[in-house]
Amino acid sequence: MIILTFFKKILGITDPEAVPNQLSPIPNQGAKIYTRSEHTLSRAQISTEALKVLQHLKKSGYASYLVGGCVRDLLLGREPKDFDVVTDATPDEIKKVFRHCRLIGRRFRLAHIYFGREYIEVATFRAAADPDNNDQVVHESGQLLRDNIYGTLEEDVWRRDFTVNALYYNIRDFSVIDFTGGIQDLSAGTIKLIGDPEMRYREDPVRMLRAIRFAVKLGFTLDAESQKPLGELAELLNAIPPARLYEEFLKLFLSGYGLQSFEMLRHYGLFGALFPTAERNLTEESQGFPKLFIIRALENSDRRIADNLPVTPYFLLAALLWDSVQSLANQKIAEKVPATPAYQIAASQVINEQTKRIAFPKHVGMAMRDVWSLQARFFQRTGQRPFKLLTHPKFRAAFDFFLLRAETGEVDPEIADWWKTFQNAENHQQSLMTQPGMAKDPINKRRNRSKNYRYRVRKKEPSDQNHE
Ligand code: ATP
Ligand code: MG
């Protein structure tokens with residue numbers, strides 16, 4: 001658990017249960033206010049652009065605060081992904097104050113203040129859900145479909161998701177305002193929904209995914225009450241637009257914590273809402289497949305992110321759905337469809353089904369298809385074919401995929417080794433390697449794979465996954 005120096009400083013304790021009331025924070029309309037000297041968030045940590053926006057709003061007579069993830073991350077000593085500003089100025093008023101301002105959003109109207117190509121997002125305080133209000137549309141499931149009523153800071157706070165995401169840094173006096181016990185939850189390492197968890201998940205089911213994401217990313221625990229409704233409400237995610245789920249998928253799986261996200265989503269019964277066929281296959285898995293393959297793919301991509309190497313959504317999606325493609329292709333093959341069209345049909349069906357849940361862009365689907373369809377070509381090692389494969393734009397990704405299959409015992413590792421050598425060999429050696437008889441008969445290899453390699457788990461080897 002993360003122990004925060006500033007809590008120790010202000011509270012003189014490490015046990016969050018033992019927060020004495022008479023010490024600061026000063027109560028103010030139900031809020032606790034941590035003055036400048038009582039927290040560790042300093043202006044030096046805030047981006048110049050965010051500071052400019054905060055100061056300019058202040059000078060124009062408006063309230064302005066940093067809020068959300070940036071306050072949370074700064075208090076934890078982490079670098080924020082971005083800086084979100086909230087104000088009592090309406091979007092139109094914000095537009096008048098800033099020259100380079102664009103208003104965006106239908107569900108929430110927001111202002112983007114541009115600094116070159118970068119921008120700072122500025123939102124107006126919003127009020128909590130009120131079903132009688134015409135500016136709010138609530139679906140019968142409890143989901144909030146439109147929510148555009150402006151409010152005060154005191155109202156804004158209650159419509160935020162988690163206590164640790166509802167801290168406000170006030171640019172007027174540099175204090176941190178805490179209405180919901182967020183500081184205490186930060187110190188205890190707890191992700192806790194504000195208000196009644198079931199109602200809050202119903203209002204916006206994506207909060208279930210966000211709960212997992214923040215728990216994983218911050219190394220926090222999900223509060224017991226916030227955990228309880230998860231599995232039961234998982235199917236509410238079906239009502240979320242697939243494009244929004246793609247955004248969440250990227251944040252969950254491509255931020256360096258993919259493996260933990262996967263494990264936690266499965267643990268709470270949410271993975272199936274995102275990847276129904278993959279979940280079905282995982283439930284029916286035998287002898288560790290396909291889970292091992294997925295785990296290795298996620299580990300690999302987490303490691304690449306840690307090493308600042310690029311990762312691509314298509315590679316992970318291809319890995320997550322590989323078993324679905326294979327199962328379907330095998331069904332087709334059993335129905336006497338030849339292997340190549342069987343795989344093509346399977347790939348199309350799996351992609352079609354998956355985009356109903358997670359709308360990845362077309363080019364991502366095409367790249368997934370390439371990675372899958374190139375797999376068969378690694379078994380062809382004579383004549384010109386290996387040379388042609390090397391020049392394919394998706395060779396790298398397909399080979400990394402093949403390496404993962406070899407590592408997890410799905411294909412003969414000797415073939416993967418052959419390709420490693422072949423890629424780096426001199427021309428004359430490459431010609432030798434591709435002579436008939438030099439590589440073993442590919443048909444036999446494929447037979448070997450299904451006989452011997454499907455369930456043979458090899459020791460993990462570092463792979464040089466580099467997709468581009
Ligand atoms: P990250 O580090 O991933 O950016 P974040 O907390 O800043 O984390 P954002 O998605 O950028 O997350 O949202 C900014 C803030 O807006 C959150 O901290 C939270 O207060 C509020 N928020 C975002 N999404 C929701 C939601 N679905 N329901 C309620 N509040 C939300
Ligand atoms: Mg953010």
Side-chain angles (χ1 to χ4, degrees), residues 205-206 208-209 212-213 216 230-231 234-238 240 242-255 257-302 311-332 342-361 364-373 375 397 400-402 404-405 407-410 454-455:
V206 170
M208 297 191 274
L209 302 177
I212 306 285
R213 176 155 72 86
V216 165
L230 287 176
E235 65 182 41
L236 293 179
L237 285 167
N238 296 346
I240 302 300
R244 189 168 173 216
L245 289 185
Y246 181 58
E247 296 300 314
E248 286 304 317
F249 161 78
L250 295 177
K251 290 182 193 167
L252 277 161
F253 286 90
L254 285 151
S255 304
Y257 308 93
L259 180 56
Q260 283 183 65
S261 298
F262 169 72
E263 300 282 16
M264 247 183 128
L265 287 170
R266 288 206 76 214
H267 177 78
Y268 289 111
L270 295 169
F271 184 71
L274 298 178
F275 293 95
T277 52
E279 175 58 38
R280 215 172 307 132
N281 292 353
L282 283 163
T283 321
E284 293 162 7
E285 71 178 343
S286 60
Q287 302 187 41
F289 283 90
K291 195 169 173 202
L292 184 64
F293 179 71
I294 291 178
I295 287 176
R296 285 289 153 76
L298 290 167
E299 267 175 1
N300 233 303
S301 105
D302 288 346
V311 286
T312 56
Y314 72 77
F315 188 87
L316 270 190
L317 283 164
L320 287 163
L321 297 171
W322 176 229
D323 201 64
S324 310
V325 172
Q326 292 200 98
S327 311
L328 201 56
N330 285 335
Q331 267 178 38
K332 304 276 168 211
Y343 268 86
Q344 282 166 356
I345 296 166
S348 301
Q349 277 190 21
V350 168
I351 288 178
N352 270 346
E353 281 305 306
Q354 188 56 49
T355 44
K356 289 180 192 160
R357 290 294 167 97
I358 295 184
F360 43 81
V364 169
M366 307 233 297
M368 287 159 68
R369 207 185 280 270
D370 280 344
V371 167
W372 291 331
S373 72
Q375 293 307 303
D400 289 334
F401 199 86
F402 191 80
L404 277 180
R405 297 176 67 204
E407 272 181 39
T408 51
E410 196 195 318
R454 173 73 179 156
Y455 298 119

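All values below come from the heavy atoms of this structure, side chains included, with hydrogens, waters and symmetry mates left out.
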Exercise for the section: For A342 and A329, work out which heavy atoms get closest and say how close. Expected result: CB-O, 3.8 Å

Fill in the blank from the handout: Rounding to 0.5 Å, atoms OG1 (T408) and CD1 (I295) come to a distance of 11.0 Å

Practice task
Rounded to the nearest 0.5 Å, what's the gap from CG on L321 to CD on E353? Could you check?
Solution key: 11.0 Å

Handout entry: Closest heavy-atom pair and its distance - S327, N281
Key = OG-ND2, 3.7 Å

Handout entry: Donor-acceptor contact present, side-chain W322 to main-chain W372, <3.5 Å
Key = no

Problem - side chain to side chain contact (heavy atoms under 4.5 Å, CB included) evaluation trace for D323 with F293 - result: CA-CA 9 Å; D323 201 64; F293 179 71; over 6 Å; no

Handout entry: Point-to-point distance, once rounded to the nearest 0.5 Å, from CD of Q331 to CD1 of I345
Key = 11.5 Å

Exercise for the section: Could you tell me which non-hydrogen atom of S348 sits nearest to which non-hydrogen atom of R369, and how far apart they are? Expected result: OG-NH1, 2.9 Å

Practice task
May I ask you to test the F253-S301 pair for a side-chain heavy-atom distance under 4.5 Å?
Solution key: no

Handout entry: R280 side chain to S324 side chain, donor-acceptor N/O pair below 3.5 angstrom
Key = no

Practice task
Write down the atom of A318, the atom of V371, and the distance for their closest heavy-atom approach.
Solution key: CB-CG1, 4.3 Å

Handout entry: Side chains of E279 and T283, donor plus acceptor under 3.5 Å
Key = yes

Exercise for the section: Would you check if the side chain of D302 reaches a backbone N or O of L259 as a donor-acceptor pair within less than 3.5 Å? Expected result: yes

Handout entry: Exam field: side chain E248 to backbone R244, donor-acceptor pair closer than 3.5 Å
Key = no

Handout entry: R213 (side chain) donor-acceptor with S261 (main chain) under 3.5 angstrom
Key = no

Handout entry: Inter-residue atom distance M366.CE - F360.CZ, 0.5 Å rounding
Key = 12.5 Å

Handout entry: For the student: nearest non-hydrogen atoms of G269 and A234, plus distance
Key = O-CB, 3.4 Å

Practice task
Please determine if R296 and E299 form a salt bridge, counting it only when a charged side-chain N lies under 4.0 Å from a carboxylate O.
Solution key: yes

Problem - Step-by-step side chain to side chain contact (heavy atoms under 4.5 Å, CB included) determination, I212 to F271 - result: CA-CA 11 Å; I212 306 285; F271 184 71; over 6 Å; no

Handout entry: Whether Q354 side chain and L274 backbone form a donor-acceptor pair below 3.5 Å
Key = yes

Problem - Interatomic distance, L230 atom CG to L209 atom CG [nearest 0.5 angstrom] - result: 9.5 Å

Handout entry: Full working for side chain to side chain contact (heavy atoms under 4.5 Å, CB included) between R357 and N238
Key = CA-CA 7 Å; R357 290 294 167 97; N238 296 346; 3.3 Å; yes

Handout entry: Separation of D370 CG from Q375 CD (nearest 0.5 Å)
Key = 11.0 Å

Problem - Ring-ring centroid check F275 F249, cutoff 6.0 Å - result: yes

Problem - F401 ring center within less than 6.0 Å of F315 ring center - result: yes

